[in-house]
Number of protein chains: 2
Amino acid sequence: MANIKQIASDLGVSVATVSNALTGKGRVSAQMVERVKARASELGYRPSLAGRALRSGQSGILGLVMPDLTNPLFPRIAQHLSTVADDRQMGILIADSRGNPKEQTQAINRLLDRGVDGVVIVPQKGTAPGPQSVPTVIINTASDPDNSVCADHAGGGRLIGELITSLRHHRVVILGDDPVSEVQRDRVAGMRAGLASATDVQELWGKEGIEALAPAIAAGATAITTTSDLLALRVQSHLTRCGISVPEDVSLTGFDDLPFATAMHPMLTTVAQDVGQIADLAIDRLMRAIQGQPDLPAPATVPMRLVTRYSTSTLRRPTNLETIK
Amino acid sequence: MANIKQIASDLGVSVATVSNALTGKGRVSAQMVERVKARASELGYRPSLAGRALRSGQSGILGLVMPDLTNPLFPRIAQHLSTVADDRQMGILIADSRGNPKEQTQAINRLLDRGVDGVVIVPQKGTAPGPQSVPTVIINTASDPDNSVCADHAGGGRLIGELITSLRHHRVVILGDDPVSEVQRDRVAGMRAGLASATDVQELWGKEGIEALAPAIAAGATAITTTSDLLALRVQSHLTRCGISVPEDVSLTGFDDLPFATAMHPMLTTVAQDVGQIADLAIDRLMRAIQGQPDLPAPATVPMRLVTRYSTSTLRRPTNLETIK
DNA sequence: CTGTTAGCGCCTTCAA
DNA sequence: TTGAAGGCGCTAACAG
């Protein structure tokens, strides 16, 4: 691989001049810059990141730590992060923390060992990775005091709540997957806030929650709002099995707008994160911190967007219908 | 950050000794090794990968190029690759080729610029990234001549075909998403091979294919085999809309066993890739190539596994029933 | 405007 | 068994 010394000797100049010409650090005549660049491209010269890293103390690499790479949001976050990072000539190294807090710490350490310049962490639910030795951005939820950037989970919940209320539902079930998750708790809190105060709300969690759905509906619930699309699909399936149909008998909502949401029938009403903007803000903040800029922006909260599809409908039947067993 | 020189001077020995002690290159007394290691951990010493990379010409980083990071398989591949790579002290840098072949080349180049020691490529459908300047592993499908490791897509298709035949279906629709994809074509070919030769097979593709489903069923088809779980979910939804139920009226199969397959109702019969083994083989092959071992293993094909759930059933109704529609 | 020099952290000769 | 020295590719400080 061609190196800077090669170019220098080919042109009969010093390596410093080549370096300056290439990095545009001025101090070199325009025509010399031309010659150097010409020769460089002839040789297919690529600066050695290793050399530069050693010299500058910066690797040009950012680490991404996810609670679980199979997290349905990982692909989108990774994609956007990688795009945004590319624009800044940064690379993204991934690390999986495999669902447990201890591995999370190890994952972070592996990244640090590799000399990443900064880290983006999407924490395990219920954990708070302490301060790190490199600039760090945490993508979690607004109620996490360490959070740097996040979707407005509570706001998203509120959108759902308001929609349900506007559809005239007065008895609703909020279904979460795991109350340990701060994100989910915030979503639930948001839903409550969005629902009219007179609404009869029942909060259910996990597998038992799903089992309790049919009885709840029999008892008069007309809407189910869940904290994730996957959960919504599960509910849908369960209801089908019970002979309850969406949205005729109950309205159903998801969260996150995963790819399969539009493949469902009825297509799922849900709420979408603007992952692109989150990635943008995250990298921006991270880069500022890396460059030592003192005025870090306050933790940002990116609004979620309601995606109204066909799994929700206006309440048509009387609240205390009892035809469904 | 503590460096090797630091340890050396603390202990009054030379850097060479420290280096040897730490890397276990022998030539150092056992007790000196002890002292060095002790001091190193006291100082929280971490070898500088940059220094090592510069010296050795190897970055210790592997690149992962995916056709589209939102590809539903990406999470699992990334996770396994990252686990396996970790075991070998390698990092994984991701690059997104955003669905188009030109970006794919650029993505690869960005990785090369970063000095990755090798690349894992999951090619865009219909493309064949040429040979690279670093060791490369291609995860595609057996019929791609450049392929290094892959799931046995045709074999998976055959499993599905055989299952359908064993369930006594004689008129089946094979539904694909995009015939440009070699993977999908291989899956379809496998399905054909697995079905009894007397089977009446209709091959459909894409959105129009889905539209053509109800007529096909009305005309007597009793099973639909698709080339992806997402497609299967779409089909499911479409059939529901048409008042056709799975598996009573038609059997339905997916491909890949994505997370939502078990959230569907009925739970989807599908075929799963052993992504872990694929990742294993891929990294193994890549590392061998990087270490200059001449005897690269032949392209490996990892068997797929049939996951029989509840979306398929024995043919019960007469083939030419016409109660539907 | 350009050249010389030094050194980032590490490892690998070669010499003691 | 250990030490000294050089150099991987690059950039920054200082000379010319």
Side-chain angles (χ1 to χ4, degrees), chain A residues 1-40 43-61 89 91 112-117 133-134 291-292, chain B residues 1-37 39-40 43-61 89 91 112-117 133-134 291:
Chain A
M1 176 60 101
N3 60 20
I4 217 173
K5 199 190 287 181
Q6 167 85 278
I7 300 177
S9 76
D10 280 15
L11 260 43
V13 299
S14 80
V15 294
T17 300
V18 175
S19 172
N20 285 327
L22 257 20
T23 55
K25 285 281 192 291
R27 315 152 52 145
V28 180
S29 66
Q31 81 175 51
M32 177 59 86
V33 171
E34 281 314 304
R35 291 178 57 206
V36 170
K37 285 192 172 168
R39 187 77 194 126
L43 259 38
Y45 168 77
R46 302 264 167 255
S48 152
L49 278 300
R52 191 172 287 174
L54 182 54
R55 179 63 233 229
S56 67
Q58 306 236 299
S59 61
I61 296 181
Q89 321 274 22
L112 295 180
D113 282 355
R114 292 215 163 267
V116 297
D117 296 336
S133 57
V134 297
Q291 286 151 14
Chain B
M1 177 60 100
N3 59 19
I4 217 173
K5 199 191 290 181
Q6 167 85 280
I7 300 178
S9 76
D10 280 16
L11 260 44
V13 300
S14 80
V15 295
T17 300
V18 175
S19 173
N20 285 328
L22 256 21
T23 56
K25 285 283 190 292
R27 313 152 53 143
V28 179
S29 65
Q31 84 175 49
M32 177 59 84
V33 170
E34 280 315 304
R35 290 178 58 206
V36 170
K37 286 194 171 167
R39 187 75 192 127
L43 258 38
Y45 168 77
R46 304 263 168 254
S48 153
L49 278 296
R52 192 172 288 174
L54 182 56
R55 177 64 232 235
S56 67
Q58 307 234 299
S59 61
I61 296 182
Q89 321 274 18
L112 295 181
D113 282 355
R114 291 214 164 267
V116 297
D117 296 335
S133 56
V134 297
Q291 286 151 12

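For the numbers below, each heavy atom of this structure counts, side chains included, while hydrogens, waters and symmetry mates do not.
Rounded to whole Å, atom P of C:dG9 lies 10 Å from atom OH of B:Tyr45. For the pair B:Asn20 CG and C:dC14 P, the computed distance is 15 Å after rounding to whole Å. Regarding A:Gln58, its CD atom lies at a distance of 11 Å from the P atom of D:dA12, rounded to whole Å. Here D:dC8 presents its C1' atom at 15 Å from CG of B:Leu49, a figure rounded to the nearest Å. The CZ atom of A:Arg35 sits 12 Å away from the C1' atom of C:dT2 (whole-angstrom rounding). The distance from atom CG of A:Leu54 to atom P of C:dC11 is 12 Å, rounded to the nearest whole Å. Put simply, CG on A:Leu22 is 8 Å from P on D:dT11, counting in whole angstrom units. A straight line from NZ of A:Lys25 to P of D:dC14 spans 17 Å, rounded to a whole angstrom.
Distance from the side chain of A:Ser48 is smallest to D:dC10 among C:dT12, C:dT4, D:dC10. Residue A:Met32 has its side chain nearest to C:dT2 when only D:dC10, C:dT2, C:dC11 are considered. Checked against D:dT11, D:dA4, C:dT2, the side chain of A:Ile4 finds its nearest nucleotide in D:dT11. Minimum atom distance to the side chain of A:Asn3 is reached by D:dG9, of the listed C:dC11, D:dG9, D:dT2.
With rounding to the nearest 0.5 angstrom, the OG atom of B:Ser48 is 9.0 Å from the CG atom of B:Leu54.
Residues B:Pro47 and B:Arg52 share a closest heavy-atom pair of CB-NH2, 3.3 Å. Residues A:Leu22 and A:Ala40 come closest through the heavy atom pair CD1-CB, 4.4 Å. Residue B:Ser59 comes nearest to B:Ala53 through the heavy atom pair CA-CB, 4.1 Å, listed as atom of the first residue, atom of the second, then distance.
Across the interface with DNA chain D, nearest-nucleotide mapping of B:Gly12 and A:Val15 shows B:Gly12 to be the residue nearer the 5′ end.
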Enumerate, atom names and distances included, each donor-acceptor pair closer than 3.5 Å involving a side-chain atom of residues 1-9 of chain B, sequence neighbours excluded.
from   : atom 1 : to     : atom 2 : distance (Å)
B:Asn3 : OD1    : B:Lys5 : N      : 3.3
B:Asn3 : OD1    : B:Gln6 : N      : 2.8
B:Ser9 : OG     : B:Gln6 : O      : 3.2

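A:Ser14 has no side-chain polar atom (N or O) that falls below the 4.0 Å cut-off from OP1 or OP2 of C:dT4. At the phosphate of D:dG7, neither OP1 nor OP2 sits under 4.0 Å from any side-chain N or O atom of B:Arg55. Contact between the side-chain N/O atoms of B:Ser19 and the OP1/OP2 oxygens of C:dC11 is found at a separation under 4.0 Å. Between A:Ser56 and C:dC8 there is no side-chain N or O to OP1 or OP2 distance below 4.0 Å. Within the 4.0 Å cut-off from OP1 or OP2 of C:dG7, not a single side-chain nitrogen or oxygen of B:Lys5 is found.
Across its full length, the helix from C:dC1-D:dG16 to C:dA16-D:dT1 shows an angle of 50° between the axes of its 5 terminal pairs at either end, rounded to 10 degrees.
Looking at heavy-atom distances under 4.0 Å, B:Ala50 makes no contact with the nucleic acid at all.
Here the side chain of B:Ser19 pairs no donor or acceptor atom with the backbone of B:Val15 at under 3.5 angstrom. Side-chain N or O atoms of B:Arg114 include none that pairs as donor or acceptor with a backbone N or O of A:Ile61 at under 3.5 Å.
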Residues A:Leu43, A:Asp10; criterion side chain to side chain contact (heavy atoms under 4.5 Å, CB included); working and verdict: CA-CA 10 Å; A:Leu43 259 38; A:Asp10 280 15; 3.9 Å; yes

